[in-house]
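Worksheet for the structure shown next.
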Amino acid sequence: MSDLVSDEIDFSRPMNLLVLDTPNKEMCMDSLTRTVPGEQNALVVTVLRQPQEYIDGWQDTCGELPAKLVLVGVKDMTDKLDSGPDGDVGLVTVNSPSDLTGLSIRVGEALTELDELNDRQIVVCFNSITPLLQYIDLQTGYRFINSITGRLRTMDAYAHFHVDPSAHDPQEIETLKALFDLVVEPQTNDGAVSWKQAE
Amino acid sequence: MIEVVWADSEDPPPVGMEAELRDALGSRVSIQHLDSVEGAVEAVGEDTDCVVSEYRLKDGTALDLFAQVRKSHPDTSLVLYTETDFEEIEAGEQSQTLDYVPKPGGDVAEVVAESIRSRTQLSYPLPGDEEERLMELRKHDVDELSTQETFNRLTELAAKLFDARTAFVGIVSQHQENFVGCYGIDWPTLPREDTVCTYGILDDSVMVVEDIESDPRFQDSDLLRELGLRFYAGAPITTENGHRIGMFCLLDTEPRSLDDMEKRCLRLFADEVREQMELRRRIRRGETE
């Protein structure tokens with residue numbers, strides 16, 4: 001377990017985790033590398049950060065990539081990925097963050113593929129709910145996230161979803177919390193940032 | 001009974017699908033196979049739990065079908081089970097949430113079962129005791145209890161007391177809210193995703209939305225906007241066993257607030273409704289024994 005995470009948080013079981021913070025690379029990699037990369041299949045849905053940043057993140061943190069990595073991005077993102085000689089990495093895109101049909105299909109496609117590959121642990125990052133809700137209303141966004149978290153639950157995945165609380169009405173955040181097993185937020189002690197369970 | 005509408009112009013549902021779903025969900029399962037958008041839309045009803053469709057149907061696409069079903073039955077799960085490649089799928093104007101399973105290969109039974117079991121395509125949160133709450137609700141059939149006149153009187157009294165345009169007693173069932181006593185409005189039912197009470201039954205407190213237009217949960221509701229409603233206050237109707245089956249509510253066309261005394265009074269109205277239902281249920285049970 002990483003020292004970024006408070007001991008009070010039980011990470012011993014698969015879960016859907018909501019991360020209340022501006023997109024944070026350390027937290028992301030901390031959650032994604034809970035198991036050894038070679039023993040995991042990973043899905044990253046990113047409408048904020050470039051896919052290459054995730055590949056670099058794995059390389060920097062662990063020196064290797066997941067056994068299989070699928071990245072779902074949006075159309076204007078670069079499609080040139082440098083994953084090194086051994087990376088089994090796929091990138092697919094949708095037209096825009098508001099293309100829920102496209103996202104639903106791309107995510108479903110990726111999860112079916114990862115689930116069928118073998119019995120490796122599936123880890124997931126969804127970055128982020130915030131731009132999604134700039135295009136669609138809360139109800140529509142709730143349904144979409146509900147459907148993804150439901151699918152992940154059946155696959156015993158470790159998944160985390162980012163949302164920037166400063167960009168939303170508190171009532172929106174309260175509503176979204178119902179979809180997650182655990183909600184965490186950053187805390188600072190003597191300048192060091194770690195993660196604690198949110199109220 | 002679980003009801004699934006299966007739209008595919010060529011193939012029937014996979015052999016053994018009914019049995020797989022029955023085993024996964026622990027309930028009897030009925031799968032109705034249709035080959036067109038039109039046929040499938042007609043087959044979908046209040047009790048349809050899930051619609052599974054191949055992308056290309058003889059008179060349109062699954063996305064045409066899903067758009068219509070989402071509009072008429074918003075709680076129904078939609079599963080796209082197709083061999084069509086992503087690049088050939090035209091999303092059209094209406095982007096929507098669906099579960100996708102590639103055909104062949106994907107475990108469609110598991111995805112359908114989970115979407116039904118956990119109701120993963122709802123657009124609103126459920127109370128933690130939803131299953132028990134719905135069972136409790138079946139014991140309080142308001143039509144049988146003949147409460148409407150009494151509840152109409154109570155809502156008129158409340159509207160006058162609070163100087164509100166509207167008051168109502170709403171019972172929140174699995175997919176809709178049933179208005180079983182009203183003053184100032186005449187709604188028989190509304191889809192659960194369109195009602196504020198859906199959020200009111202999530203906890204015990206009196207829920208006050210001082211200005212609906214500035215609350216992100218409701219500000220995009222076309223229905224509330226069309227009705228010009230700005231203020232909502234509701235007290236949960238909680239049964240003896242602690243399940244919140246509905247709300248006693250006030251609505252108004254201007255933003256406003258409620259003080260603590262007013263909240264307490266509203267709760268008294270909700271308690272009165274609960275007691276009326278309980279007493280009538282006991283009397284009725286005595287009559288039939």
Side-chain angles (χ1 to χ4, degrees), chain A residues 16 72 75 90 92-117 132-156 167-181, chain B residues 24 55 62-63 66-67 70 74-75 77-82 84-87 89-103 105-108 110-111 113-128 193-194 198-199 202 209 214-221:
Chain A
N16 288 307
V72 178
K75 220 169 192 175
V92 291
T93 57
V94 297
N95 287 330
S96 76
S98 63
D99 178 8
L100 298 187
T101 309
L103 279 171
S104 294
I105 295 172
R106 287 307 199 191
V107 169
E109 236 171 26
L111 290 176
T112 302
E113 184 186 357
L114 297 185
D115 199 33
E116 283 175 352
L117 274 177
L132 212 68
L133 292 182
Q134 288 168 353
Y135 296 95
I136 56 177
D137 63 53
L138 178 62
Q139 269 193 351
T140 309
Y142 187 97
R143 191 196 311 279
F144 177 70
I145 302 296
N146 191 4
S147 129
I148 296 184
T149 51
R151 187 90 182 255
L152 292 171
R153 211 167 281 125
T154 64
M155 304 170 87
D156 287 339
H168 300 274
D169 184 294
Q171 201 59 255
E172 277 189 301
I173 300 293
E174 277 309 308
T175 303
L176 290 170
K177 281 180 180 176
L179 292 171
F180 294 89
D181 304 305
Chain B
Y55 176 64
L63 300 186
F66 290 167
R70 187 64 87 214
D75 288 354
S77 293
L78 308 173
V79 178
L80 178 62
Y81 181 49
T82 183
T84 304
D85 288 339
F86 178 83
E87 284 71 20
I89 293 175
E90 293 165 18
E93 287 176 13
Q94 277 187 297
S95 177
Q96 56 201 321
T97 294
L98 49 87
D99 277 310
Y100 166 81
V101 185
K103 180 172 128 183
D107 191 343
V108 67
E110 185 180 89
V111 172
E114 179 57 15
S115 77
I116 294 171
R117 182 173 38 232
S118 301
R119 301 181 70 190
T120 57
Q121 290 187 26
L122 295 185
S123 64
Y124 52 83
L126 295 174
E193 71 169 14
D194 283 334
T198 292
Y199 289 83
L202 295 178
V209 183
S214 62
D215 190 312
R217 295 170 296 178
F218 317 115
Q219 64 193 177
D220 295 302
S221 166

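Proteins come first, then strands; the chains are lettered A, B, ... in the order of their sequence lines, and each starts at number 1.
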- Who among A/D115, A/T112, A/L133 has the most heavy-atom pairs with chain B under 4.5 Å? A/T112
- Task: Against chain B, work out which of A/I105, A/L111, A/T154 has the most heavy-atom pairs shorter than 4.5 Å and name it.
- Result: A/I105
- With distance as the sole criterion, is a donor-acceptor pair present between the side chains of B/S118 and B/T120 under 3.5 Å? no
- Under 4.5 Å, heavy atom to heavy atom, which residues of residues 171-180 of chain A contact chain B? A/Q171, A/E172, A/T175, A/A178
- In Å and rounded to the nearest 0.5 Å, what is the OG to CG distance from B/S123 to A/D137? 8.5 Å
- Message: If I take atom CD from residue B/E110 and atom CG from residue B/D99, how far apart are they, to the nearest 0.5 angstrom?
- Response: 11.0 Å
- Message: Holding to salt bridge (Lys or Arg N to Asp or Glu O under 4.0 Å), I want the full list of residues that pass it with A/R106, two or more places apart in sequence or in another chain.
- Response: A/E109, B/E87
- Interface moiety of A/T93 toward chain B, non-hydrogen atoms closer than 4.5 Å: backbone
- Is it the side chain or the backbone of B/R119 that comes within 4.5 Å of chain A heavy atoms, both, or neither? backbone
- Task: Would you mind checking which part of B/T82 comes under 4.5 Å of any heavy atom in chain A, side chain (CB onward), backbone (N, CA, C, O), both or neither?
- Result: neither
- Message: Can you confirm whether B/Y100 sits close enough to A/V107 that some side-chain heavy atom of one is under 4.5 Å from a side-chain heavy atom of the other?
- Response: no
- Query: Atom CG of B/L122 and atom CD of B/E193: how far apart are they, to the nearest 0.5 Å?
  - Reply: 9.0 Å
- Query: Got a sec, which residues hit ring-ring contact (aromatic ring centres under 6.0 Å, His included) with A/Y142, two or more places apart in sequence or on another chain?
  - Reply: none
- With chain B, which of A/T140, A/L138, A/L103 has the greatest number of heavy-atom pairs at distances under 4.5 Å? A/L138
- Query: For B/Q219, is it the side chain, the backbone, both, or neither that has a heavy atom closer than 4.5 Å to a heavy atom of chain A?
  - Reply: neither
- Query: With side chains defined as the heavy atoms from C-beta onward, is the minimum distance between A/N95 and A/K75 less than 4.5 Å?
  - Reply: yes
- Item | Proximity of B/Y199 and B/F218 rings by center, below 6.0 Å | yes
- Select one option (side chain, backbone, both, neither) describing which atoms of B/L98 are under 4.5 Å from chain A's heavy atoms. both
- Task: Identify the heavy atoms of B/L126 and B/L202 that sit nearest to each other, and give their distance.
- Result: C-CD2, 3.6 Å
- Query: Which heavy-atom pair separates B/A113 from B/A24 by the least distance, and what is that distance?
  - Reply: CB-CB, 3.8 Å
- Under a 4.5 Å heavy-atom criterion, the part of residues 143-150 of chain A in contact with chain B comprises A/R143, A/F144, A/N146, A/S147, A/G150
- Query: Is the count of non-hydrogen atoms from other residues, nucleotides or ligands lying under 6.0 Å from B/F86 atom CZ greater than 12?
  - Reply: yes
- Message: Looking only at side-chain N and O atoms, does B/D194 offer a donor or acceptor that is under 3.5 Å from a partner on B/Y124?
- Response: no
